[in-house]
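Just so it is clear: chains get the letters A, B, ... in the order the sequence lines come, proteins before strands, and each one is counted from 1.
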Amino acid sequence: DAMVIQNPRYQVTQFGKPVTLSCSQTLNHNVMYWYQQKSSQAPKLLFHYYDKDFNNEADTPDNFQSRRPNTSFCFLDIRSPGLGDAAMYLCATSRVRDRYTEAFFGQGTRLTVV
Amino acid sequence: TQLLEQSPQFLSIQEGENLTVYCNSSSVFSSLQWYRQEPGEGPVLLVTVVTGGEVKKLKRLTFQFGDARKDSSLHITAAQPGDTGLYLCVSFTGGGNKLTFGTGTQLKVEL
């Protein structure tokens, strides 16, 4: 059963047209993350939430925004997508388990900008 | 900023060969995780190692955490085409909430 669900799996948007990617989780985890991943590279953290506390990475462009209306849902808004924003976007959650933290990823949304 | 360096970056081998992927850092980690990511999919957790010197086996995959908890290795025995993917070591920093990814190892296993 999918525990971190991203919609849609594939998204095509026009250059400059706002787009929203969504993520939901059934795990009730406190922490949710958004990552950007370009071909064969490691994912790059854009931001994360600890409950409602928002943590933005210093090098995340202002073009990227996020919302977390409740524990289960988190959204990534790209206000004016450029060609360079075409990538796989990954959502993840994490929990503290015994002595370590464990992360779970969604299947990702492949964004194409035309 | 903590860095996790993986080597090699790319690896192309024939079915049946053995291989080892390394993950190194100058920092001590409380735990370290390995993920495999197939093209077009999200990363899937393979294993978590917690104790220095720990060895865990998952079928043909053997994971080791260094004694000093600064490095880890993944050994695959008799690789198969289904092992193809991006292998990522990951740890948590920033008080335990921030995922830090390794630089990644792209593995291709050919028939």
Next on the checklist: Test of understanding: clusters of I, L, V, M, F, W, Y form through side-chain heavy atoms closer than 4.5 Å, transitively. Do Phe63(B) and Phe29(B) belong to the same one?
Outcome noted: yes
Checklist entry - Between Gln6(B) and chain A, which part of the residue has a heavy atom less than 4.5 Å away: side chain, backbone, both or neither? => result neither
Checklist entry - Should we say atom NZ of Lys108(B) is surrounded by more than 12 heavy atoms from elsewhere, each under 6.0 Å from it? => result no
Item to check | same_hphob_cluster(Phe75(A), Leu111(A)) at 4.5 Å side-chain heavy-atom cutoff | outcome: no
Checklist entry - Could you give the distance from CG (Leu99(B)) to CZ (Phe105(A)), rounded to the nearest 0.5 Å? => result 5.0 Å
Checklist entry - Same cluster or not: are Ile78(A) and Val12(A) linked, directly or through other Ile, Leu, Val, Met, Phe, Trp or Tyr residues, by side-chain heavy atoms under 4.5 angstrom apart? => result no
Next on the checklist: For a quick test of reading the model, state the closest non-hydrogen atom pair linking Gly102(B) to Ala42(A) and the distance between them.
Outcome noted: O-CB, 3.1 Å
Checklist entry - Would Val90(B) and Glu102(A) satisfy side chain to side chain contact (heavy atoms under 4.5 Å, CB included), going step by step from the backbone distance to the final call? => result CA-CA 10 Å; Val90(B) 176; Glu102(A) 201 166 62; over 6 Å; no
Item to check | Selection from Arg110(A), Lys44(A), Gln41(A), Met88(A) maximising heavy-atom pairs under 4.5 Å formed with chain B | outcome: Met88(A)
Item to check | Segment of Thr105(B) engaging chain A (4.5 angstrom heavy-atom cut-off) | outcome: neither
Checklist entry - Taking side chain as C-beta onward, heavy atoms only, is Phe104(A) less than 4.5 Å from Val44(B)? => result no
Next on the checklist: Nearest 0.5 Å, please: how far is CD in Gln107(A) from CD in Glu38(B)?
Outcome noted: 11.0 Å
Checklist outcome for this item: Scored by heavy-atom pairs under 4.5 Å with chain A, the best of Thr48(B), Leu45(B), Leu88(B) is Thr48(B)
Checklist entry - Do Leu90(A) and Glu41(B) have side chains that get closer than 4.5 Å, going by heavy atoms? => result no
Checklist outcome for this item: Applying a strict 4.5 Å limit to non-hydrogen atoms, the region of Gln6(A) in contact with chain B is neither
Checklist outcome for this item: Note: Thr101(A) and Ser31(B) closest approach over all heavy atoms is N-OG, 4.4 Å
Next on the checklist: Assigning hydrophobic clusters by single linkage (Ile, Leu, Val, Met, Phe, Trp, Tyr; side-chain heavy-atom cutoff under 4.5 Å), is Tyr33(A) placed with Tyr50(A)?
Outcome noted: yes
Checklist entry - So which of Gln9(B), Gln106(B), Gln33(B) has the biggest tally of heavy-atom pairs under 4.5 Å with chain A? => result Gln33(B)
Checklist entry - Is Asp62(A) atom CG crowded by more than 12 heavy atoms from other residues, nucleotides or ligands, each under 6.0 Å away? => result no
Item to check | Common cluster, Tyr22(B)/Ile76(B), ILVMFWY with side-chain heavy-atom separation under 4.5 Å | outcome: no
